[in-house]
Amino acid sequence: MALNYIWSGFFLVGFLAAVLQWLFLGDTDIFKRIIDGTFETARMGVMDIALPLAGVMTLWLGIMNIGEKAGIVGWLAKVIAPFFSRIFPEIPKDHPATGHMVMNFSANLLGLDNAATPFGLKAMESLQTLNPNKDEATNAQIMFLVLHTSGLTLIPLAIMAQRSILGAADPSDIFIPCMIATYVATVVGIITVSIKQRINLLNSVVLSWLGGMTAAIVAMIWYFTQYLTKQEIELVSKVVSNLVLISVIAIFIIGALRKKVNVYDAFIEGAKGGIQTSITVIPYLVGMLVAISVIRNAGVFNFVMSGFNWFFANLGINTDFVPALPTAMMKPLSGSGSKAMMIDAMNTYGVDSFVGRLACVFQGSADTTFYIVALYFGSVGIRKTRYAITAGLIADLAGVITAVFVAYVFFH
């Protein structure tokens, strides 16, 4: 029901904003921009997202099936089972969904979006087998989605690469702020959903896992900043991310061959679901992306930015961060849209400016909540999202607030 009101609200607010601009500002092109945007976004949703996704899905679902036949996905599930059994109490022990979620989170940590999406969709499909009410999200599905939308990424490689392209003096200077912001968003997401689901996080297993992850991230930050140059950080990030990915494929194949699995047949068996999954999500994807484009092309963001600037200025708060907010506002709605906002901020204010850097931290602090809801829940036919969007947006907000504070500390 929440998604129903949000989706309708995007169109109605966009329409109202367009009418007001036509009547009071004399903007006679506003309606054409909105309609052109809907056609272009609908085309993009199918041609630039769904169809390319079919190829990626076909590849990685095939690879995932090899890993399952080899028993490696199950082994990973057993390793992390003590932690997952606490935050996903409804998932039975040794259920394949645990292994699929581990693969998804691992790919996200390394910033491997193309690999993370197939793993995530497979995880959602596995969780759906436990769902007694197929059109309503379960507690486990909500927890998984919120963890995914919080966007925990250790190495924001794509953002650093974009900064390098635009001539940043130090492309990797946003590395630590991004890591801090996305980690806070993830922890807040876990706490938010746990409170709603009455999950007790104050136990030794959960605290030890969270404490261990926190220590590992702090240690990595310390090592990177103390022993590596900026160029070496970028090189290590690029090499490690892609090395891990090809290693996963090699390990899956070797493990399957040792078990005398017909690797090629296993790949084909798993890959068959790729195209069907991509076709299934097209209506959900196009519907959400078009609604977002209406808001964007109606100029709603400009009005909101003006309101924020007035509000914070009257509170006596430094407003230097406000010009970067369009990236933060767009991020839950559209990954490509927020990337465009980030690049625009760097081009407008300077790639090494406070606004340019903060926009990059916003981009790395969370993931595209509405897009992920449409894609992941749509892939299994879930229409009733319950509090998934609310919890995801709370995690996003925590990431945004943290990003602002961290940026003031590092860059202001």
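On a predicted model such as this, the values are computed, not experimentally measured, just so you know. Reckoned from all heavy atoms, side chains included, excluding hydrogens, waters and symmetry mates.
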Report summary line: What one should report as the nearest heavy-atom pair of V46 and V286 is CG2-CG2, 3.8 Å
Report summary line: CD1 of I195 to CG of L201, rounded to nearest 0.5 Å, is 8.0 Å
Requested in this report: Give every residue pair that meets the ring-ring contact (aromatic ring centres under 6.0 Å, His included) criterion with at least one member in residues 182-207, sequence neighbours excluded.
Outcome: none
Query - Pairing residues for F411 by the ring-ring contact (aromatic ring centres under 6.0 Å, His included) criterion, not counting sequence neighbours - result: none
Query raised in the report: Side chains of I199 and P89: does their closest heavy-atom pair fall under 4.5 Å?
Result: yes
Query raised in the report: Once you round to the nearest 0.5 Å, how far does CD1 of I372 lie from CD1 of I389?
Result: 11.5 Å
Query raised in the report: Between the main-chain N or O of A137 and the side-chain N or O of R386, is there a donor-acceptor pair closer than 3.5 Å?
Result: yes
Query raised in the report: Any donor-acceptor pair under 3.5 Å linking the side chain of T319 with the backbone of V322?
Result: no
Query raised in the report: Taking H148 as the fixed residue, which of Y371, F119, F377, Y376 is the one that meets the ring pair (Phe, Tyr, Trp, His ring centres under 6.0 Å) rule?
Result: Y376
Query - Approximate separation, where rounding is to 0.5 Å, of I249 CD1 and L59 CG - result: 6.0 Å
Requested in this report: Indicate whether any N or O donor in one side chain lies under 3.5 Å from an N or O acceptor in the other, for D320 and Y349.
Outcome: no
Report summary line: On a heavy-atom basis, the closest approach of A185 and A398 is CA-CB, 4.4 Å
Query raised in the report: Side chain of E136, backbone of K384: donor and acceptor closer than 3.5 Å?
Result: no
Query raised in the report: With no hydrogens and no angle check, is any side-chain donor or acceptor of Q128 less than 3.5 Å from a backbone partner on M124?
Result: no
**Report entry** P323 and M305, any side-chain heavy atoms less than 4.5 Å apart
**Finding:** no
Report task. Kindly indicate whether the side chain of F405, heavy atoms from C-beta on, has any atom under 4.5 Å from the side chain of V409. Result -> no
Requested in this report: With the side chain counted from C-beta on, respond yes when H95 and L130 share a heavy-atom pair under 4.5 Å apart, and no when they do not.
Outcome: yes
Query raised in the report: Is S208 reaching over with its side chain to a backbone N or O of V205, donor-acceptor style, under 3.5 angstrom?
Result: yes
Query - pair S379-E125: side-chain heavy atoms closer than 4.5 Å - result: no
Report task. Starting at NZ of K331, measure out to CG of L325 and round the result to the nearest 0.5 Å. Result -> 15.5 Å
Query - Pairwise distance CZ(F370) to OG1(T368) - rounded to 0.5 angstrom - result: 11.0 Å
Requested in this report: For the residue pair T149 and D367, confirm or rule out a side-chain donor-acceptor distance under 3.5 Å.
Outcome: no
Query raised in the report: When you measure from the side chain of K134 to the backbone N and O of N131, does any donor-acceptor pair fall under 3.5 Å?
Result: yes
Query raised in the report: Do W7 side-chain atoms and G287 backbone N/O form a donor-acceptor pair below 3.5 Å?
Result: yes
Query raised in the report: Hey, would you say the F321 and F362 ring centroids sit under 6.0 Å apart?
Result: no
Query - Within residues 350-365 or reaching into it, pairs that qualify as side-chain hydrogen bond (donor to acceptor under 3.5 Å, both in side chains) - sequence neighbours excluded - result: R163-D352, D173-R357, S338-Q363
Query raised in the report: Where do V406 and I176 land on the side-chain contact (heavy atoms from CB on, under 4.5 Å) test, with the steps shown first?
Result: CA-CA 9 Å; V406 170; I176 294 176; over 6 Å; no
Requested in this report: Verify side-chain contact (heavy atoms from CB on, under 4.5 Å) between D135 and I382, making sure each step is shown before the conclusion.
Outcome: CA-CA 4 Å; D135 68 341; I382 289 176; over 6 Å; no
**Report entry** All ring-ring contact (aromatic ring centres under 6.0 Å, His included) counterparts of F144, not counting sequence neighbours
**Finding:** F105
Query raised in the report: If every non-hydrogen atom of T385 is compared with every non-hydrogen atom of I142, which pair is closest and at what distance?
Result: O-CD1, 4.0 Å
Query - F303 CZ: over 12 foreign heavy atoms closer than 6.0 Å - result: yes
Query raised in the report: Is the backbone of Y5 close enough, under 3.5 Å, to the side chain of S8 for a donor and an acceptor to pair up by distance?
Result: no
Query raised in the report: Are any non-hydrogen side-chain atoms of L257 and V263 less than 4.5 angstrom apart?
Result: yes
Report task. Quick one: sort the F83 and W209 rings into parallel, tilted or perpendicular, breaks at 30° and 60°. Result -> parallel
Query - Under 3.5 Å donor-acceptor, T182 side chain and C178 backbone - result: no
Donor-acceptor pairs under 3.5 angstrom involving side-chain atoms of residues 61-77: please list them, not counting sequence neighbours.
residue	atom	partner	partner atom	Å
N65	ND2	A266	O	2.7
E68	OE2	H100	NE2	2.2

**Report entry** Non-hydrogen side-chain atoms of I34 and F15 separated by less than 4.5 Å
**Finding:** no
Query raised in the report: Looking only at atom types and distance, does a side-chain atom of S150 sit under 3.5 Å from a main-chain N or O of L147, one as donor and one as acceptor?
Result: yes
Query - Y227 and W222 aromatic ring geometry - parallel, tilted or perpendicular at 30°/60° bounds - result: perpendicular
Query raised in the report: Are any of the side-chain heavy atoms of V304 and M329 separated by less than 4.5 Å?
Result: yes
Report summary line: Residues passing the salt bridge (charged side-chain N to carboxylate O under 4.0 Å, His left out) test with R33, sequence neighbours excluded, are D27
